[in-house]
J.: 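Just passing along the structure, written as structure tokens.
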2 protein chains.
Amino acid sequence: MPKTLKKSEKIVRAAMELFYKNGFHATGIESILKKAQVSKKTLYSYFESKDALILEALKYRSDQFNGFWDRVRERASEPRDRLLAIFDLQKEWFESDMFYGCLFINAVGEYSRKGNPFKKVSQTVKVDTYENIKGLLEEMSHPDPSFAAEKITLLFEGAIVTAQVSSKSRSANIAKEIVKTILDSDMKAEKHKEIEMEPGLVNEVLS
Amino acid sequence: MPKTLKKSEKIVRAAMELFYKNGFHATGIESILKKAQVSKKTLYSYFESKDALILEALKYRSDQFNGFWDRVRERASEPRDRLLAIFDLQKEWFESDMFYGCLFINAVGEYSRKGNPFKKVSQTVKVDTYENIKGLLEEMSHPDPSFAAEKITLLFEGAIVTAQVSSKSRSANIAKEIVKTILDSDMKAEKHKEIEMEPGLVNEVLS
DNA sequence: GGTCATGTAGACCGATTGGTCTACTTTTAG
DNA sequence: CTAAAAGTAGACCAATCGGTCTACATGACC
């Protein structure tokens, strides 16, 4: 934790890490103060309540997660390779000491009531994940990017939870293998479809 | 909640439902008493602490979940159909009003320290899931039941989390489609392998 | 050097937590 | 009928919670 961080960011960061590691309800304000090395008054000058701080911590994590997609693009140049690189990076995440599952999944676990602001942020993050994956599928001219993105997003989530509960970073490899199978199957099916449709298409153009 | 239930079961059941809906830390003893319509003294005559009650609630849920596999077997007779039926039943679960994600995933989210007894129970349940799926794969003579079971278990988890966070019961259908793709791909690959190997096998037998 | 915002340490508040215990009531069994 | 067992309601306890506020220290700017 760099010393040059702004006070507010130092607090949010400390809060996020504790929420992540110990849960939201279980994390007391006092422990955040200690970790951030900040007084109670300072914390409450930046955040009006614990709930407000939770919200900021989730947003902070959400911003961090955006960096993930940048790294995916750095890791590979072809869309298909990028889709697979997602799971290589995911595995590295699983193996880091800062892995306690997904903060957003954990948040929904503790705040399940619909309409809950924490849940809403979590849903937004998942939509972003879906959109990023769908974007890559469109780039590789996948025949059905929406459906395939749903599949791959589901695999992404499944790998996280499996890694979290069973402490198996291997789940990222499993998910990656399934993605390969899906993409091969989808692209092959499309090729068949194209071949089947070609005569009709040609006829239509000619007529 | 039937009136004929034993006191202790009434308590565990009420506790489980509240833990499930509102989380573990967020659920106070008082609210459990109210829901179970039981006095504090009675509760503490059956369970020595809240933690002990949490453990029993998790075990209770685990037993309930065992019934899931019975229903899978009732739903279909062929192993492959049973594998797919898992996700039909999962969808029904998602659409019931008693769906707040997976209690065990939620538990791990709140109690992440390794060695935690709640986490251990959760891991055991996940192993059971894996074993059940693997069993079905073995029945259908899948070429690699262990690996395929890992894949399908991951899909099972992914569907749960997706349904929980994004409130989409559709995730069960997505997972089911992926399972079909995986099984088709695996069984076809195996057929190829068999064909390729057949001559060698025949030669070996003949020599 | 003085001023003023910004910080710290932590006492304090009411509410709530998990848990104990007393006093009373109901149920059950011989 | 009676007496023990098992129940109830809820007072009570120390600890902790989120949050406020006082008293004091520090550092930047003019």
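None of these values were measured; they are calculated from a predicted model. Order of the sequence lines sets the chain letters (A, B, ...), proteins ahead of strands, with each chain counted from 1.
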J.: Hey, does A:Ser31 reach any base, or is it just sugar-phosphate, or nothing, if we go heavy atoms under 4.0 Å?
T.: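 Contact class for A:Ser31: none.
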J.: How close or far is atom P of D:dC12 from atom CD1 of B:Ile29, stated in whole angstroms?
T.: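 Distance check: B:Ile29 CD1 to D:dC12 P gives 21 Å.
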J.: Measure the distance from NZ on A:Lys34 to P on C:dT8 and round it to the nearest whole Å.
T.: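 For the pair A:Lys34 NZ and C:dT8 P, the rounded distance is 16 Å.
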J.: Quick one: on DNA chain D, does A:Ser49 or B:Ser45 contact a more 5' nucleotide (nearest heavy atom)?
T.: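 The residue whose closest nucleotide sits nearer the 5' end is B:Ser45.
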J.: Decide if atom CD of B:Gln37 counts as having more than 12 heavy atoms of other residues, nucleotides or ligands within a radius under 6.0 Å.
T.: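 12 or below, so no.
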J.: Check this one for me: any side-chain N or O of B:Tyr46 less than 4.0 Å away from OP1 or OP2 of D:dG7?
T.: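 So the side-chain polar atoms of B:Tyr46 do come within 4.0 Å of the phosphate oxygens OP1 or OP2 of D:dG7, strictly under.
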J.: Would you mind reading off the distance between A:Tyr44 atom OH and C:dA11 atom C1', rounded to a whole angstrom?
T.: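 Rounded to whole Å, this separation is 16 Å.
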J.: Charged N to carboxylate O below 4.0 Å: is that the case for A:Arg71 and A:Glu74?
T.: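 No, A:Arg71 and A:Glu74 are not salt-bridged.
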J.: Using atom NZ of B:Lys6 as one end and atom P of D:dA6 as the other, report the distance to the nearest whole Å.
T.: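 Taking atom P of D:dA6 as the reference, NZ of B:Lys6 is at 12 Å.
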J.: Atom pairs, N/O to N/O, protein against nucleotides 8-10 of chain D, distance under 3.5 Å?
T.:
residue	atom	partner	partner atom	Å
D:dT8	OP1	B:Gln37	O	3.4
D:dT8	OP2	B:Ser39	N	3.2
D:dT8	OP2	B:Ser39	OG	3.2
D:dT8	OP2	B:Thr42	OG1	2.4

J.: Rounded to whole angstroms, how far apart are CG on B:Leu33 and P on C:dG19?
T.: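 Rounding to the nearest Å, CG of B:Leu33 and P of C:dG19 are 11 Å apart.
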J.: Provide, to the nearest angstrom, the distance between the CD1 atom belonging to A:Ile32 and the P atom belonging to D:dG18.
T.: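 Spelled out: CD1 on A:Ile32 to P on D:dG18 is 8 Å.
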J.: Can a salt bridge be assigned to the pair A:Arg80 and A:Asp184 using a cut-off of 4.0 Å between side-chain N and carboxylate O?
T.: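 Result for this pair is yes, salt bridge flagged.
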J.: Rounded to the nearest Å, what distance is computed from the NZ atom of residue A:Lys50 to the P atom of nucleotide D:dG19?
T.: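 Whole-Å distance recorded here is 8 Å.
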J.: Return yes if a side-chain donor-acceptor contact under 3.5 Å exists between A:Arg82 and A:Asn132, otherwise no.
T.: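 Short answer, no.
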J.: Please confirm whether B:Lys151 makes a cation-pi placement over B:Phe147, using NZ or CZ under 6.0 Å from the six-membered ring centre and within 45° of the ring normal.
T.: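 Positive - B:Lys151 is close enough to the ring of B:Phe147 and near enough to its axis.
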J.: Between B:Glu30 and B:Lys40, is the closest basic N to carboxylate O distance under 4.0 Å?
T.: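 Result for this pair is yes, salt bridge flagged.
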J.: Is it true that B:Asp88 and B:Lys91 make a salt bridge, defined as a side-chain N closer than 4.0 Å to a carboxylate O?
T.: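 Salt bridge flag = no for B:Lys91 with B:Asp88.
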J.: Please state how far atom NZ in A:Lys10 lies from atom P in C:dG7, giving the value in whole angstrom units.
T.: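 These atoms are roughly 11 Å apart.
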